[in-house]
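Worksheet: the structure to be examined is printed underneath.
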Amino acid sequence: MIKFEVFKEICQQSIQMIEDAGILLTKEDKAKITAADFGLNDVKKEGIQILTMFQTGRIAGKILVLLPYQTEPEHWHPTVGDDPGKEEIIRAISGDLYFYIPGEDTMKNGFIVDGKDDCYTLRHEIDMKPGDQLELPAGTKHWFQAGKKGAVMYSFSTTVTDLNDQFTDKNIIRDTIIETAPETI
């Protein structure tokens, strides 16, 4: 669960990071940003902020934001019914972004979240600079992390099936719960 005050703070910080990256946001865009803590209750450590720009039955475009040193947990987009799974293109916009995919251990910039060696199994690091792009075929296990500047990126994908994502960390709950706003008197 994310406390309402923390949710507001990280969404505001994420909006500022997006605008600092040179992306114009409308009032409606700003109202749509959300955060995911994956039920781990420490969104600033393991979580992500998401602004869905568009989503149809076939494609989606999002802006993803990681705060400094925030980590999106290791996951993959599985086959769902007749759908082979979400294909995704990530394009770095600003900040420090480290992606981890299957391959040789080349990790040098990122880190494994304390006590979670078994939840972050991939160590093949791709250091993404603004303008770099990475294609993730359906079913590809991956995780990513921001460095000290945080990171802003685009995610372009086929049909979004995020609530079906599978995670290496069995404690993850994909649906985020935000504590209700305090009543005003």
Side-chain angles (χ1 to χ4, degrees), residues 1-56 59-75 86 88-100 109-111 113-114 116 119-120 127-134 142-157 160 162-163 165 167 169 171-185:
M1 178 181 298
I2 302 174
K3 291 193 175 293
F4 180 76
E5 295 80 19
V6 172
F7 176 78
K8 266 183 69 173
E9 171 197 334
I10 62 174
C11 287
Q12 233 2 84
Q13 186 177 352
S14 297
I15 288 167
Q16 189 62 57
M17 289 172 66
I18 293 168
E19 291 180 329
D20 288 349
I23 299 171
L24 176 67
L25 295 178
T26 65
K27 182 178 177 180
E28 292 78 18
D29 291 332
K30 293 175 186 180
K32 291 191 301 185
I33 196 160
T34 191
D37 77 341
F38 305 100
L40 299 173
N41 302 320
D42 194 352
V43 69
K44 291 181 181 180
K45 183 190 291 186
E46 290 179 290
I48 192 163
Q49 292 65 246
I50 304 163
L51 172 58
T52 301
M53 297 180 296
F54 61 86
Q55 181 172 317
T56 71
I59 61 170
K62 300 177 181 182
I63 299 172
L64 305 178
V65 179
L66 291 175
L67 303 176
Y69 304 110
Q70 190 178 32
T71 303
E72 159 93 14
E74 187 173 281
H75 66 284
K86 182 171 91 171
E88 188 171 24
I89 304 288
I90 298 293
R91 185 173 178 92
I93 301 170
S94 67
D96 306 313
L97 179 59
Y98 313 121
F99 244 85
Y100 299 91
N109 294 305
F111 60 90
V113 174
D114 288 340
K116 294 212 164 179
C119 299
Y120 293 93
D127 182 357
M128 295 185 70
K129 304 294 183 204
D132 287 349
Q133 195 162 284
L134 178 64
H142 60 284
W143 63 279
F144 46 105
Q145 185 174 75
K148 68 180 178 180
K149 296 177 187 174
V152 177
M153 68 205 90
Y154 286 118
S155 165
F156 301 108
S157 70
V160 176
D162 292 348
L163 292 179
D165 287 355
F167 293 86
D169 184 341
N171 294 312
I172 286 181
I173 300 167
R174 183 58 181 92
D175 231 358
T176 296
I177 299 170
I178 301 165
E179 183 183 79
T180 54
E183 300 272 337
T184 54
I185 300 176

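The model shown is predicted, which means the values in this text are computed figures rather than measured ones.
Expressed to the nearest 0.5 Å, how far CD1 of Ile15 lies from CD1 of Ile10 amounts to 11.0 Å. Here the straight-line distance linking atom CG of Leu40 with atom CD1 of Ile2 works out to 10.5 Å at 0.5 Å rounding. A distance of 5.0 Å separates CG of Leu134 from CE of Met128, quoted to the nearest 0.5 Å. Distance check: Lys62 NZ to Ile90 CD1 gives 9.5 Å after rounding to the nearest 0.5 Å. Within the model, atoms CE of Met1 and CD1 of Ile173 stand 10.5 Å from one another, a figure rounded to the nearest 0.5 Å. A distance of 10.0 Å separates CD1 in Ile18 from CE in Met153, rounded to the nearest 0.5 Å.
The 12-atom threshold is exceeded at NZ of Lys116, counting heavy atoms of other residues, nucleotides or ligands nearer than 6.0 Å. More than 12 heavy atoms of other shown residues, nucleotides or ligands fall within 6.0 angstrom of atom CD in Gln133.
Residues Ser155 and Leu64 have side chains in contact (heavy-atom distance under 4.5 Å, counting atoms from C-beta outward). By the 4.5 Å heavy-atom criterion applied to side chains, Ile93 and Pro130 are not counted as neighbours. Residues Met53 and Phe156 form a side-chain contact, since some pair of their non-hydrogen atoms from C-beta on lies under 4.5 Å apart. Side-chain contact between His75 and Phe38: absent, with no pair of heavy atoms (C-beta onward) separated by less than 4.5 Å. Contact annotation: the side chain of Glu179 approaches that of Glu5 to within less than 4.5 Å [non-hydrogen atoms, C-beta and beyond]. You'll find the side chain of Asp96 reaches within 4.5 Å of the side chain of Lys148, heavy atoms only.
Proximity of a side-chain donor or acceptor of Gln70 to a complementary backbone N or O of Val43 within less than 3.5 Å is detected. Without hydrogens or angle criteria, Gln49 side chain to Val65 main chain gives a donor-acceptor distance under 3.5 Å.
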- Verdict with reasoning, Tyr120 to Gln145, per side chain to side chain contact (heavy atoms under 4.5 Å, CB included): CA-CA 11 Å; Tyr120 293 93; Gln145 185 174 75; over 6 Å; no

- Asp165 vs Ile172, side chain to side chain contact (heavy atoms under 4.5 Å, CB included): CA-CA, chis, key distance, verdict: CA-CA 10 Å; Asp165 287 355; Ile172 286 181; over 6 Å; no

- Chi angles and distances behind the side chain to side chain contact (heavy atoms under 4.5 Å, CB included) call for Thr34, Thr176: CA-CA 10 Å; Thr34 191; Thr176 296; over 6 Å; no

- Chi angles and distances behind the side chain to side chain contact (heavy atoms under 4.5 Å, CB included) call for Ile23, Tyr154: CA-CA 11 Å; Ile23 299 171; Tyr154 286 118; 3.7 Å; yes

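Between Tyr69 and Phe111, the two ring planes are tilted [angle within 30° to 60°]. Taking the six-membered ring where the residue is Trp, Trp143 and Tyr100 present parallel rings, their angle staying beneath 30° rather than reaching 60°.
The shortest heavy-atom contact between Gln13 and Pro68 is NE2-CD, 4.0 Å. Closest heavy-atom contact between Asp132 and Asp127: OD2-O, 3.8 Å. Looking at every heavy atom in both residues, Leu66 comes nearest to Gly47 through CD2-O, 3.5 Å.
Each salt bridge (Lys or Arg N to Asp or Glu O under 4.0 Å) pair with one or both residues in residues 28-45, not counting sequence neighbours, appears once here: Glu9-Lys44, Glu19-Lys30, Asp42-Lys45.
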